[in-house]
Amino acid sequence: MRVLLTGAAGFIGGAIADALGKAGHEVVGVDLMLPQAHGAVEAPPGVHVHDVRRAEGWPALLEGVDAVCHQAAVVGAGVRVADLPDYASHNDLGTAVLLAAMHEAGLDRLVLASSMVVYGEGRYTCPEHGDVSPPPRPVRALEAGDFEVPCPVCGGPLDWALVDESAPLAPRGAYAASKAAQEHYAASWVRQADAAAVALRYHNVYGPRMPRDTPYSGVAAMFRSSLERDEAPRVYEDGAQVRDFVHVADVARANVAALEAVAAADPGHWAAYNVASGHPVTIREVAELVATGTSSGRQPEVTGQFRPGDVRHVVASPERAAAELGFRAQVLPADGLREFATAPLRT
């Protein structure tokens, strides 16, 4: 296939471009080269500099393309109200413009990069009341060091459970809201254009060529930077937050599988899949694993600090992707996070 890949110069996009090439596909790379993501570097060879929000230029870029893999997005926690316009512009408007251009070009196959943040809080069960949907944690509880999520019915303790793709979308921040909107636009486009699309809900992605010390850096990269400064990695809350960390090579493999599946799908096909390792870890364990991959001897510092709007536990079920895409992650966090401690990063 000839695949147009947005965000092709990015951390995840670059890994996908490599995987597509190895699978025998031709890649048309597009990237805006935003300074906050790439610094002052120029676009890599073969990557077209283009703003996804600009309708002009899309007809030429989409000529002869069989499918689009849409990775371009402004990312990050989006904790400031002032961030809202950037997320809405780049992520939401950009996706809408791209979908309209695809329709004009007669192109009807899409893989969309989504995120686990669309779920908000993960899935929780109460011993007495079964599955429950807790509201956001109140700031006063976080200030008191009470980080766990109580049952909204009885106030008792909850257990986390695996989130599957049937869970309702409940985004809690600007970035999360923009990713949910991207999914809604794509699903609407599928119905209106008689097209086919897949959304891949990435969990916490890490690996070689991750950006260093930028808003696009993940927590694993931040822990690594602290260790390289001979500082203890600083862990928020009590470090017991549970997440799924998935290696970028596995994310790239998931995209290749999704593109090949969507190419063979019937018109009107829409599906979302978790892309996760299937091996949950706590944030403190992440810091410890990265630390063991170095010779620093530093142990994490659990700070008790918090960010309003952060969720407590989000842990994915990888079963639908395994059953329908034939995708299972190959890199275990226990191995990948240790190796990440000395992997090459982007500066």
Side-chain angles (χ1 to χ4, degrees), residues 1-21 23 25-38 41-76 86-115 175 178-179 181-187 189-190 193 195-202 205 209 211 216 248 251-252 254-256 258-260 262-263 275 346:
M1 284 188 294
R2 181 177 170 90
V3 179
L4 185 135
L5 173 64
T6 70
F11 163 50
I12 295 174
I16 294 170
D18 291 345
L20 285 169
H25 301 296
E26 180 184 356
V27 177
V28 179
V30 173
D31 203 296
L32 181 55
M33 302 303 295
L34 280 172
Q36 59 262 46
H38 300 282
V41 301
E42 295 183 355
V47 173
H48 303 270
V49 179
H50 180 70
D51 188 334
V52 295
R53 298 169 295 180
R54 290 185 61 248
E56 300 84 5
W58 275 129
L61 289 167
L62 292 170
E63 186 174 355
V65 166
D66 300 301
V68 170
C69 185
H70 184 32
Q71 306 293 315
V74 171
V75 306
D86 271 351
Y87 287 106
S89 177
H90 287 277
N91 299 358
D92 302 348
L93 176 61
T95 299
V97 170
L98 172 60
L99 293 172
M102 289 174 64
H103 184 56
E104 286 294 315
L107 183 56
D108 61 356
R109 305 287 141 160
L110 172 74
V111 171
L112 170 70
S114 187
S115 170
Y175 172 63
S178 74
K179 298 310 285 185
Q182 284 184 307
E183 287 200 24
H184 290 314
Y185 279 119
W189 170 79
V190 164
V198 162
L200 298 179
R201 294 172 180 166
Y202 303 157
V205 186
R209 298 191 296 188
Y216 287 62
V248 70
V251 172
N255 274 272
V256 174
L259 279 161
E260 292 173 350
V262 83
V275 177
R346 291 170 54 194

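Positions are given from 1, in the same order as the sequence printed here. What you see is a predicted model; the values in this text were computed from it and never measured.
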Inset, instruction - Give a yes-or-no answer on whether the side chains of Tyr202 and Asn255 include a donor-acceptor pair shorter than 3.5 Å. - result: yes
Legend entry - Any Glu42 side-chain heavy atom under 4.5 Å of Val49 side chain: no
Inset, instruction - First locate atom CD1 of Ile12, then atom SG of Cys69, and finally report the distance between them rounded to the nearest 0.5 Å. - result: 10.0 Å
Legend entry - Least distance between heavy atoms, Leu112 atom then Ala186 atom: CD2-CB, 4.1 Å
Legend entry - Minimal non-hydrogen separation, Gly10 against Asp31, with atom names: N-OD2, 3.6 Å
Inset, instruction - Rounded to the nearest 0.5 Å, what's the gap from CG on Leu98 to CG on Leu4? Could you check? - result: 7.5 Å
Inset, instruction - Measure the shortest side-chain to side-chain distance between Val68 and Leu62 over non-hydrogen atoms and say whether it is less than 4.5 angstrom. - result: yes
Inset, instruction - Go through Leu110 and Leu99 one step at a time and tell me if the side chain to side chain contact (heavy atoms under 4.5 Å, CB included) criterion holds. - result: CA-CA 9 Å; Leu110 172 74; Leu99 293 172; 3.7 Å; yes
Legend entry - Flag side-chain contact, heavy atom, 4.5 Å: Val205 against Phe11: yes
Inset, instruction - Locate the shortest heavy-atom distance separating Val52 from Ala72; write the atom from each residue and the value. - result: CG1-CB, 4.3 Å
Inset, instruction - Among Lys179, Glu183, Arg201, find the residue that satisfies the side chain to side chain donor-acceptor pair (under 3.5 Å) test when tested with Ser114. - result: Glu183
Inset, instruction - Give a yes or no on this: more than 12 heavy atoms of other residues, nucleotides or ligands lie within 6.0 Å of atom NE2 of His103. - result: no
Inset, instruction - Would you confirm whether Asp66, through its side chain, and Arg2, through its main-chain N or O, come within 3.5 Å as a donor-acceptor pair? - result: yes
Legend entry - Minimal non-hydrogen separation, Gln182 against His70, with atom names: NE2-NE2, 3.8 Å
Inset, instruction - Grab the two heavy atoms, one from Ala15 and one from Val248, that are nearest each other, plus how far apart they are. - result: CB-CG2, 3.7 Å
Legend entry - Side-chain donor/acceptor of Asn91 to backbone N/O of Ser178, under 3.5 Å: no
Legend entry - Distance, nearest 0.5 Å, that separates NE2 of His48 from CE of Met33: 13.5 Å
Legend entry - Step-by-step side chain to side chain contact (heavy atoms under 4.5 Å, CB included) determination, Leu20 to Val256: CA-CA 6 Å; Leu20 285 169; Val256 174; 3.9 Å; yes
Inset, instruction - Report the C-alpha distance between Leu5 and Gln71 in whole Å, list the side-chain angles of each, state the deciding distance to 0.1 Å, and finish with yes or no for side chain to side chain contact (heavy atoms under 4.5 Å, CB included). - result: CA-CA 7 Å; Leu5 173 64; Gln71 306 293 315; 3.7 Å; yes
Legend entry - Minimum side-chain heavy-atom gap Trp58-Glu104 below 4.5 Å: no
Inset, instruction - Specify the closest pair of heavy atoms between Met1 and His25, including all atoms of both residues, with the distance to one decimal. - result: N-ND1, 3.1 Å
